[in-house]
Participant: 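The following block contains the structure, expressed as structure tokens.
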There are 2 protein chains.
Amino acid sequence: MKLIQSRDNAFFKQLKKLAESGRERRKAGQTLLDGVHLVQSFEAAFGRLETLVVAESALAGGEVADYVAGRETVILADALMRDLGLVDTPSGLLAVAPMPDASQSLHLDQDAILLDGVQDPGNLGTLLRTAAAAGIRQALLSPACAAAWSPKVLRAGQGAHFALSIHEDVDLPAVMAEYKGTTAVTCLDGATSLFDARWSGPVAWVFGAEGLGVRRELIEAATLRIRIPMPGSVESLNVAAAAAVCLFEAVRRRLA
Amino acid sequence: MKLIQSRDNAFFKQLKKLAESGRERRKAGQTLLDGVHLVQSFEAAFGRLETLVVAESALAGGEVADYVAGRETVILADALMRDLGLVDTPSGLLAVAPMPDASQSLHLDQDAILLDGVQDPGNLGTLLRTAAAAGIRQALLSPACAAAWSPKVLRAGQGAHFALSIHEDVDLPAVMAEYKGTTAVTCLDGATSLFDARWSGPVAWVFGAEGLGVRRELIEAATLRIRIPMPGSVESLNVAAAAAVCLFEAVRRRLA
């Protein structure tokens with residue numbers, strides 16, 4: 001047990017870099033996990049983590065204190081934990097975790113979600129979580145997406161990161177051209193209702209940025225253009241909600 | 001046209017109160033709309049607003065400048081607009097808008113969403129948006145929910161507020177007891193798969209807080225307990241994603 005109280009401490013400075021910079025995370029091959037649920041999900045998937053970091057006040061009792069009981073921890077003064085500015089409401093538990101190797105191979109004959117310029121961390125994390133819950137195992141992100149392994153995206157993903165193979169900075173048009181299955185895009189002027197559309201075999205589901213939507217180039221490259229019927233007077237859905245509707249319609253059909 | 005540069009200006013102080021306090025909004029019967037899309041949605045539904053407030057720099061050109069061209073505006077120095085701290089990325093256009101009368105009658109024989117303790121403004125707004133897109137016209141919120149007419153919830157709702165009758169501080173157990181139709185709740189240990197569940201007539205869909213879920217009392221009061229089948233290794237969905245899956249399964253059935 002070691003209590004860190006100074007902003008000049010080398011380990012704290014390293015945490016700060018990992019919290020703030022995608023470049024630092026890539027360089028170190030590491031990211032930060034915030035909260036018991038994320039740390040637990042990671043450890044369940046990949047085994048025990050070495051470095052657990054706890055806010056001083058979280059040791060007094062509760063979920064975090066229970067989780068770290070009997071384990072090697074580094075203790076951060078509360079002010080320093082807040083200083084990291086990781087998420088809006090820090091849980092009091094952090095872990096330094098290795099990021100999975102991004103060079104893992106891509107399967108062009110398996111289901112995937114392709115995300116085009118999704119910049120909001122909450123939306124991106126929710127999309128990954130929804131895909132993982134629907135049984136999808138690959139996520140391909142265009143260069144304009146938010147950094148998948150940033151603390152805010154990890155928080156919104158709720159462990160989905162460890163169930164997916166996540167590929168960043170992907171040339172989506174190139175992948176779509178090579179994909180061995182249906183490439184499906186949702187757009188407001190889609191030709192076919194989601195509920196009438198027919199597909200079989202693997203599907204690459206393409207979702208775009210809030211507001212801008214999917215790039216025209218990708219819409220034109222898709223082999224299936226669908227719209228979600230919206231009987232209400234509001235004709236738009238948040239991108240993560242739209243994805244939930246599509247991916248669970250696919251779940252429904254697989255189960256039927 | 002009038003340029004406000006001082007924090008002591010009475011109109012600015014009133015804006016600040018509306019931005020920060022639900023009590024002030026209720027007292028005034030007014031709220032603040034941020035952005036062209038929201039203002040446009042309001043004006044399309046209820047007619048022209050009197051007071052448009054524009055950030056000085058937004059007048060130089062672009063969407064906001066186009067929208068306010070030829071209209072009466074109050075101009076705020078950029079620093080003051082930022083000071084309001086309304087949303088993370090202020091658009092440069094604000095409007096003071098009347099909040100609809102909350103005493104409007106409740107229809108216990110029509111579809112509704114019932115939200116139990118949804119505190120995250122983004123989730124709450126997305127839930128309202130999804131419900132409105134699915135053709136639902138009533139939203140009933142428990143006292144523990146975030147304030148529906150706060151600027152962040154309005155932003156996430158993207159105009160859904162103007163398509164819904166929104167009832168706050170509702171005694172949900174009492175409403176469920178009186179409801180003339182199916183009261184459906186999703187829970188992880190729900191008895192029936194969403195895709196196998198049967199219902200007819202109006203449905204009151206109950207969704208709960210992230211993490212905590214729906215209160216036990218409401219789960220027990222519901223006439224239908226369903227689970228969303230999740231074939232993936234992550235067994236949870238964001239509440240707004242779960243609602244999207246349920247509400248659009250109902251849309252699919254209505255269209256079938």
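Within every chain, numbering begins at 1; the chains are lettered A, B, ... in the order of the sequence lines, protein sequences first and strands thereafter.
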Participant: Which residue is it: A:Arg129, A:His37, A:Gln158? I am looking for the one with a side chain to side chain donor-acceptor pair (under 3.5 Å) to B:Ser236.
Facilitator: A:Arg129
Participant: At a heavy-atom separation under 4.5 Å, does A:Ala134 approach chain B through its side chain, its backbone, both, or neither?
Facilitator: backbone
Participant: More than 12 heavy atoms of other residues, nucleotides or ligands under 6.0 Å from CZ of A:Arg137: is that the case?
Facilitator: no
Participant: Testing the basics here: between B:Ala163 and A:Val234, what is the closest heavy-atom pair and its distance to 0.1 Å?
Facilitator: CB-CG2, 3.9 Å
Participant: With a 4.5 Å heavy-atom cut-off, do A:Leu237 and B:Thr130 have their side chains touching?
Facilitator: yes
Participant: Write out, in numerical order, the residues from residues 245-256 of chain B with a heavy atom short of 4.5 Å from a heavy atom in chain A.
Facilitator: B:Val245, B:Phe248, B:Glu249, B:Val251, B:Arg252, B:Arg254, B:Leu255
Participant: Quick check on A:Leu194 against chain B: is it the side chain, the backbone, both or neither that has a heavy atom closer than 4.5 Å?
Facilitator: neither
Participant: Among B:Ala132, B:Gly135, B:Ala133, B:Gly232, which has the most heavy-atom pairs under 4.5 Å with chain A?
Facilitator: B:Ala133
Participant: Heavy-atom cut-off 4.5 Å, strictly under: side chain, backbone, both or neither for B:Thr126 against chain A?
Facilitator: side chain
Participant: Which residue out of A:Gly122, A:Gly159, A:Pro229 racks up the most heavy-atom pairs below 4.5 Å with chain B?
Facilitator: A:Pro229
